[in-house]
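Counting starts at 1 for both ligands and their atoms, in listed order.
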Amino acid sequence: MGKPLVSVLFCCLGNICRSPTAHGVFQAKVTQQGMASSIYTDSCGTGGWHVGEPPDARATTAARQRGYDLSSLRARQVQADDFQRFDYILAMDHQNLQDLTAMCPGNYAGRLGLFLPFAESALEEEVPDPYYGGAHGFSHVLDLVEAASDGLLREIARAHPVR
Ligand code: 4NP
(Lines give C-alpha, C1' and ligand atoms only; values in the text may rest on other atoms or scores of the structure.)
Protein backbone atom coordinates (compact mmCIF):
# COMPACT_ATOMS: atom_id res chain seq x y z
CA MET A 1 0.00 0.00 0.00
CA GLY A 2 1.37 3.44 -0.94
CA LYS A 3 1.47 6.62 1.05
CA PRO A 4 -2.00 7.95 1.91
CA LEU A 5 -3.11 10.77 -0.35
CA VAL A 6 -4.36 12.99 2.46
CA SER A 7 -3.55 13.23 6.16
CA VAL A 8 -5.78 14.76 8.84
CA LEU A 9 -4.82 15.69 12.41
CA PHE A 10 -7.53 16.62 14.92
CA CYS A 11 -6.42 18.74 17.87
CA CYS A 12 -7.98 19.80 21.18
CA LEU A 13 -6.56 20.66 24.60
CA GLY A 14 -6.14 17.30 26.36
CA ASN A 15 -6.56 14.77 23.49
CA ILE A 16 -8.84 12.71 25.73
CA CYS A 17 -12.34 14.05 24.89
CA ARG A 18 -13.01 16.00 21.68
CA SER A 19 -10.13 15.18 19.33
CA PRO A 20 -10.11 11.41 19.99
CA THR A 21 -13.87 11.48 19.37
CA ALA A 22 -13.22 13.24 16.06
CA HIS A 23 -10.39 10.77 15.29
CA GLY A 24 -12.58 7.70 15.90
CA VAL A 25 -15.69 9.04 14.16
CA PHE A 26 -13.83 10.35 11.10
CA GLN A 27 -11.76 7.16 10.82
CA ALA A 28 -14.93 5.05 10.92
CA LYS A 29 -16.52 7.15 8.18
CA VAL A 30 -13.34 6.97 6.07
CA THR A 31 -13.35 3.18 6.43
CA GLN A 32 -17.08 2.94 5.61
CA GLN A 33 -16.45 4.93 2.42
CA GLY A 34 -13.62 2.59 1.40
CA MET A 35 -11.05 5.38 1.70
CA ALA A 36 -8.89 3.94 4.48
CA SER A 37 -5.85 3.56 2.23
CA SER A 38 -6.16 7.15 0.95
CA ILE A 39 -6.74 9.11 4.16
CA TYR A 40 -4.56 8.90 7.28
CA THR A 41 -6.15 10.16 10.52
CA ASP A 42 -4.57 11.07 13.86
CA SER A 43 -5.27 13.32 16.87
CA CYS A 44 -3.30 15.25 19.48
CA GLY A 45 -3.60 17.81 22.27
CA THR A 46 -1.97 21.19 22.72
CA GLY A 47 -1.42 20.25 26.38
CA GLY A 48 0.62 17.34 27.70
CA TRP A 49 -1.18 16.42 30.96
CA HIS A 50 -2.79 13.24 29.62
CA VAL A 51 -0.06 11.90 27.31
CA GLY A 52 -0.27 8.10 27.02
CA GLU A 53 -3.78 7.89 28.48
CA PRO A 54 -6.79 6.38 26.71
CA PRO A 55 -9.72 8.70 26.00
CA ASP A 56 -11.90 9.83 28.92
CA ALA A 57 -14.27 6.98 29.87
CA ARG A 58 -17.27 9.27 29.27
CA ALA A 59 -16.11 9.89 25.69
CA THR A 60 -15.46 6.17 25.08
CA THR A 61 -18.91 5.23 26.46
CA ALA A 62 -20.77 7.89 24.45
CA ALA A 63 -18.93 6.87 21.28
CA ARG A 64 -19.57 3.16 21.85
CA GLN A 65 -23.31 3.89 22.14
CA ARG A 66 -23.14 5.09 18.52
CA GLY A 67 -20.93 2.25 17.31
CA TYR A 68 -17.51 3.95 17.41
CA ASP A 69 -14.57 2.27 19.17
CA LEU A 70 -12.11 4.73 20.77
CA SER A 71 -10.46 2.14 23.02
CA SER A 72 -7.18 1.79 21.14
CA LEU A 73 -6.43 5.54 21.04
CA ARG A 74 -3.78 7.08 23.32
CA ALA A 75 -3.23 10.77 23.99
CA ARG A 76 -0.21 12.57 22.59
CA GLN A 77 0.88 16.19 22.49
CA VAL A 78 1.27 18.13 19.25
CA GLN A 79 4.88 18.08 18.02
CA ALA A 80 6.89 20.30 15.70
CA ASP A 81 6.91 17.91 12.73
CA ASP A 82 3.10 17.58 12.72
CA PHE A 83 2.91 20.80 10.71
CA GLN A 84 4.80 19.30 7.78
CA ARG A 85 3.30 15.80 8.13
CA PHE A 86 -0.41 16.67 8.04
CA ASP A 87 -2.39 18.33 5.25
CA TYR A 88 -5.34 19.29 7.47
CA ILE A 89 -4.69 20.28 11.10
CA LEU A 90 -8.12 20.95 12.59
CA ALA A 91 -8.69 22.55 15.98
CA MET A 92 -11.76 22.08 18.14
CA ASP A 93 -11.83 25.65 19.45
CA HIS A 94 -10.30 29.07 18.94
CA GLN A 95 -7.85 28.67 21.82
CA ASN A 96 -6.52 25.41 20.34
CA LEU A 97 -6.15 27.14 16.97
CA GLN A 98 -4.34 30.08 18.53
CA ASP A 99 -1.92 27.73 20.33
CA LEU A 100 -1.26 25.77 17.12
CA THR A 101 -0.75 28.98 15.16
CA ALA A 102 1.87 30.13 17.67
CA MET A 103 3.88 26.93 17.06
CA CYS A 104 3.36 26.59 13.31
CA PRO A 105 6.03 27.63 10.79
CA GLY A 106 4.53 30.34 8.56
CA ASN A 107 4.76 28.30 5.36
CA TYR A 108 2.38 25.68 6.82
CA ALA A 109 -0.16 28.07 8.36
CA GLY A 110 -2.65 27.34 5.56
CA ARG A 111 -3.01 23.80 6.90
CA LEU A 112 -4.54 25.04 10.17
CA GLY A 113 -8.22 25.67 10.72
CA LEU A 114 -11.28 24.97 12.84
CA PHE A 115 -13.04 21.61 12.41
CA LEU A 116 -16.69 22.46 13.07
CA PRO A 117 -17.19 24.86 10.11
CA PHE A 118 -16.93 21.79 7.82
CA ALA A 119 -20.39 20.78 9.14
CA GLU A 120 -23.01 21.72 6.58
CA SER A 121 -25.42 23.36 9.00
CA ALA A 122 -22.96 24.53 11.67
CA LEU A 123 -24.19 27.52 13.63
CA GLU A 124 -21.13 27.57 15.91
CA GLU A 125 -17.41 27.50 15.19
CA GLU A 126 -16.27 25.61 18.29
CA VAL A 127 -16.76 22.06 19.59
CA PRO A 128 -17.34 22.89 23.28
CA ASP A 129 -15.08 21.29 25.89
CA PRO A 130 -17.18 18.61 27.68
CA TYR A 131 -14.54 17.78 30.31
CA TYR A 132 -16.11 19.57 33.28
CA GLY A 133 -19.72 18.77 32.40
CA GLY A 134 -21.99 15.72 32.31
CA ALA A 135 -22.80 12.99 29.82
CA HIS A 136 -24.95 15.31 27.69
CA GLY A 137 -21.86 17.28 26.71
CA PHE A 138 -20.26 14.16 25.25
CA SER A 139 -23.30 13.28 23.17
CA HIS A 140 -23.43 16.90 21.93
CA VAL A 141 -19.74 16.60 20.93
CA LEU A 142 -20.67 13.46 18.94
CA ASP A 143 -23.51 15.27 17.14
CA LEU A 144 -21.15 18.06 16.10
CA VAL A 145 -18.26 15.75 15.21
CA GLU A 146 -20.46 13.47 13.07
CA ALA A 147 -21.75 16.44 11.06
CA ALA A 148 -18.29 18.00 10.64
CA SER A 149 -16.77 14.64 9.66
CA ASP A 150 -19.33 14.22 6.87
CA GLY A 151 -18.52 17.72 5.61
CA LEU A 152 -14.77 17.19 5.83
CA LEU A 153 -15.01 13.93 3.86
CA ARG A 154 -16.99 15.71 1.14
CA GLU A 155 -14.40 18.51 1.05
CA ILE A 156 -11.49 16.05 0.78
CA ALA A 157 -13.24 14.12 -2.00
CA ARG A 158 -13.79 17.43 -3.85
CA ALA A 159 -10.27 18.78 -3.31
CA HIS A 160 -8.40 15.50 -3.87
CA PRO A 161 -10.21 13.53 -6.58
CA VAL A 162 -8.67 10.08 -7.00
CA ARG A 163 -7.08 9.90 -10.42
P1 4NP B 1 -10.31 17.78 25.52
O2 4NP B 1 -10.91 17.97 26.99
O3 4NP B 1 -9.46 18.99 25.22
O4 4NP B 1 -11.53 17.72 24.66
O5 4NP B 1 -9.52 16.49 25.54
C6 4NP B 1 -10.10 18.26 28.10
C7 4NP B 1 -9.42 17.23 28.72
C8 4NP B 1 -8.63 17.49 29.84
C9 4NP B 1 -8.55 18.78 30.32
C10 4NP B 1 -9.22 19.81 29.69
C11 4NP B 1 -10.00 19.54 28.57
N12 4NP B 1 -7.78 19.05 31.47
O13 4NP B 1 -7.77 20.20 31.92
O14 4NP B 1 -7.12 18.13 31.99
Side-chain angles (χ1 to χ4, degrees), residues 6-31 39-105 108-109 111-153 155-156:
V6 181
S7 52
V8 178
L9 180 64
F10 297 107
C11 185
C12 62
L13 177 60
N15 194 207
I16 55 169
C17 299
R18 293 166 292 173
S19 63
T21 300
H23 184 166
V25 168
F26 186 71
Q27 179 70 66
K29 289 179 179 289
V30 164
T31 301
I39 303 178
Y40 176 72
T41 308
D42 197 4
S43 63
C44 68
T46 56
W49 310 283
H50 298 282
V51 168
E53 295 178 15
D56 187 289
R58 296 166 295 173
T60 304
T61 298
R64 193 189 307 117
Q65 286 168 351
R66 296 197 195 187
Y68 305 108
D69 180 10
L70 307 185
S71 64
S72 66
L73 303 180
R74 294 295 178 269
R76 74 168 180 88
Q77 191 168 17
V78 64
Q79 56 190 49
D81 71 351
D82 285 328
F83 300 103
Q84 64 172 54
R85 286 180 57 216
F86 289 90
D87 302 301
Y88 294 83
I89 302 169
L90 300 176
M92 297 298 136
D93 65 34
H94 284 285
Q95 183 64 55
N96 307 148
L97 181 58
Q98 189 176 316
D99 293 341
L100 291 169
T101 302
M103 291 178 66
C104 181
Y108 295 127
R111 300 176 168 203
L112 305 182
L114 290 167
F115 178 42
L116 189 51
F118 284 98
E120 202 163 64
S121 57
L123 301 174
E124 310 283 335
E125 294 194 323
E126 300 192 317
V127 180
D129 187 346
Y131 188 65
Y132 293 106
H136 173 74
F138 287 85
S139 106
H140 183 52
V141 165
L142 276 161
D143 291 340
L144 299 176
V145 160
E146 286 182 325
S149 293
D150 289 336
L152 177 60
L153 257 183
E155 167 58 21
I156 289 174

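- Relative to the ring axis of Y131, R18 does not place its NZ or CZ within 45° and under 6.0 Å from the centre.
- For the residue pair Q95 and D93, no side-chain donor N or O sits within less than 3.5 Å of a side-chain acceptor on the partner.
- Among protein heavy atoms, the minimum distance from atom 1 (P) of ligand 1 is reached at C12 SG, 3.5 Å.
- Within the structure, ligand 1 has H50 among the residues with a heavy atom less than 4.0 angstrom away.
- In terms of polar-atom proximity, defined here as any N/O pair under 3.5 Å, R18 does make such a contact with ligand 1.
- Distances between N or O atoms of G14 and those of ligand 1 include at least one value under 3.5 Å.
- The proximity of D129 to ligand 1, defined as any non-hydrogen pair under 4.0 Å, is limited to the side chain.
- Of the protein's non-hydrogen atoms, Y132 OH, 3.5 Å is the one closest to atom 13 (O) of ligand 1.
- One side chain, E146 or Y68, offers a donor N or O that lies under 3.5 Å from an acceptor on the other.
- Checking D99 against N96 by side-chain atom types alone, no donor-acceptor pair falls below 3.5 Å.
- Listed for the D87 side chain is a donor-acceptor partner under 3.5 Å among the backbone atoms of S7.
- Side chain of R76 to main chain of G52: no donor-acceptor pair is present (N/O by atom type, distance under 3.5 Å, no hydrogens or angles).
- Close contacts of ligand 1 with C17, meaning ligand atoms under 4.0 Å from a residue heavy atom, involve 1 (P), 2 (O), 4 (O), 5 (O).
- Listed by number with element, the atoms of ligand 1 under 4.0 angstrom from any heavy atom of I16 are 5 (O), 7 (C), 8 (C).
- Nearest protein neighbour of atom 10 (C) of ligand 1, counting heavy atoms only, is L13 CD2, 3.7 Å.
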* Verdict with reasoning, D150 to K29, per salt bridge (Lys or Arg N to Asp or Glu O under 4.0 Å) -> CA-CA 8 Å; D150 289 336; K29 289 179 179 289; 3.0 Å; yes

